[in-house]
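Each remark here refers to the structure printed beneath this line.
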Amino acid sequence: MQKDLDSKLFGQHLAKKVILNAVSGFISNPKPKKPLTLSLHGWTGTGKNFVSKIIAENIYEGGLNSDYVHLFVATLHFPHDQLQSWIRGNVSACARSIFIFDEMDKMHAGLIDAIKPYLDYYDNLDGVSYQKAIFVFLSNAGAERITDVALDFWRSGRQREEIKLRDMEHALSVSAFNNKNSGFWHSSLIDRNLIDYFVPFLPLEYKHLKMCIRVEMQSRGYEVNEDIVSRVAEEMTFFPKEERVFSDKGCKTVFTKLDYYYDD
Ligand SMILES: Nc1ncnc2c1ncn2[C@@H]1O[C@H](COP(=O)(O)OP(=O)(O)OP(=O)(O)O)[C@@H](O)[C@H]1O
């Protein structure tokens with residue numbers, strides 16, 4: 001996993017460190033007292049889904065396609081009784097199941113309540129133990145605050161890699177979430193200490209986009225052409241308007257822009 005994170009994940013020194021420690025520590029503990037719960041936060045296209053995939057691939061050969069890895073997208077409706085039996089059924093079949101909940105900030109409060117018992121310190125619930133399971137929650141909640149911190153560092157000429165987790169503490173605290181739903185989600189989970197790690201994803205810079213584009217060129221079997229790399233990266237939009245430091249969409253749309261150069 002370290003190798004994968006080091007070679008594939010760009011510009012996320014904080015996420016890399018937290019995730020590696022959290023997952024390897026948890027997997028090597030034969031008797032965890034509660035499931036591992038990670039909450040990944042940050043701007044769109046900065047690698048939250050991508051990291052979830054890396055975690056899954058390093059635990060199960062099939063990665064996201066494994067029978068033991070389950071992706072739940074909050075905006076696709078799912079009644080809560082069904083969600084509970086889905087979690088229960090999957091953990092009964094495999095104690096080390098991995099659940100990834102995407103778009104957590106858009107999740108209905110009732111659904112959040114429905115999953116809470118599974119994240120807690122119970123030896124078992126109706127004969128099923130959830131303590132070896134892994135829950136990963138993805139959201140954009142707190143992204144603006146995370147970006148503000150990254151921008152402050154940039155403006156004062158400090159290296160991005162100097163940003164410490166404690167610089168992000170406020171950005172990821174309950175008060176930072178003004179969206180009603182994500183506020184509920186975080187306060188109810190933070191109150192009960194159900195989330196083990198809040199993981200910030202920093203907004204990506206021009207140089208990170210270029211790294212994403214190079215990887216994509218190589219995976220399509222092309223030689224890296226630096227001229228095209230720069231042209232694609234320059235087509236992206238950046239913010240704040242005057243300084244143009246961070247990519248609006250992270251690395252998300254660079255791949256479709258690349259199609260334009262290779263459509264013949
Ligand atoms: N930090 C990164 N390092 C390397 N590649 C990245 C990074 N961030 C994004 N990518 C690339 O961009 C694609 C889209 O990113 P991803 O889906 O992980 O974004 P996300 O943070 O989950 O966004 P959203 O909040 O919109 O769901 C990834 O599949 C990956 O190829």
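Not a single salt bridge (charged side-chain N to carboxylate O under 4.0 Å, His left out) links Asp102 to another residue, sequence neighbours left out. Applying the salt bridge (charged side-chain N to carboxylate O under 4.0 Å, His left out) criterion to Glu235, with sequence neighbours excluded, gives no partner residue. Taking the salt bridge (charged side-chain N to carboxylate O under 4.0 Å, His left out) definition, one finds that Arg214 meets it with Glu226, sequence neighbours left out. Partners of Pro200 according to the side chain to side chain contact (heavy atoms under 4.5 Å, CB included) rule, which considers only residues two or more places apart in sequence or in another chain, are Leu14, Ile146, Leu165, Met168, Leu172. Residues satisfying the salt bridge (charged side-chain N to carboxylate O under 4.0 Å, His left out) criterion with Asp123, sequence neighbours excluded, are absent altogether. Take Glu242 and apply the side chain to side chain contact (heavy atoms under 4.5 Å, CB included) test, not counting sequence neighbours, and it matches Pro240. The side chain to side chain contact (heavy atoms under 4.5 Å, CB included) search around Arg96 returns Phe26, Ile27, Tyr60, Cys94, Lys132, not counting sequence neighbours. Checked against ring pair (Phe, Tyr, Trp, His ring centres under 6.0 Å), His13 has no partners two or more places apart in sequence or in another chain.
Among residues at least two apart or in separate chains, there is no disulfide bond (SG atoms under 2.5 Å apart) pair with a member in residues 14-58. Residue pairs meeting the salt bridge (charged side-chain N to carboxylate O under 4.0 Å, His left out) criterion with at least one member in residues 11-26, sequence neighbours excluded: Asp6-Lys16. Among pairs with a residue in residues 137-171, none fulfils disulfide bond (SG atoms under 2.5 Å apart), at least two apart in sequence or across chains.
Counting heavy atoms from C-beta on, the side chains of Leu111 and Phe72 come closer than 4.5 Å.
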Side-chain donor-acceptor pairs under 3.5 Å in residues 202-213, sequence neighbours left out?
unit_1: Glu205; atom_1: OE2; unit_2: Arg160; atom_2: NH1; d: 3.3
unit_1: Tyr206; atom_1: OH; unit_2: Glu234; atom_2: OE2; d: 2.8
unit_1: His208; atom_1: ND1; unit_2: Glu205; atom_2: N; d: 3.0

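Salt-bridge formation is detected for the pair Arg220/Asp259: a Lys NZ or Arg NE/NH1/NH2 atom is positioned less than 4.0 Å from an Asp or Glu carboxylate oxygen. The residues Asp113 and Lys116 are annotated as salt-bridged, a charged nitrogen and a carboxylate oxygen being separated by less than 4.0 angstrom.
Ring pair Phe137/Phe135 is parallel by interplanar angle, where below 30° counts as parallel and above 60° as perpendicular.
In terms of modelled atom types and a separation under 3.5 Å, the side chain of Gln84 and the main chain of Ala114 share a donor-acceptor contact. No side-chain donor-acceptor contact under 3.5 Å links Lys53 to the backbone of Leu64.
Each of Trp86, Phe99, Tyr130 was compared with Tyr118 under the ring pair (Phe, Tyr, Trp, His ring centres under 6.0 Å) criterion, and only Tyr130 meets it.
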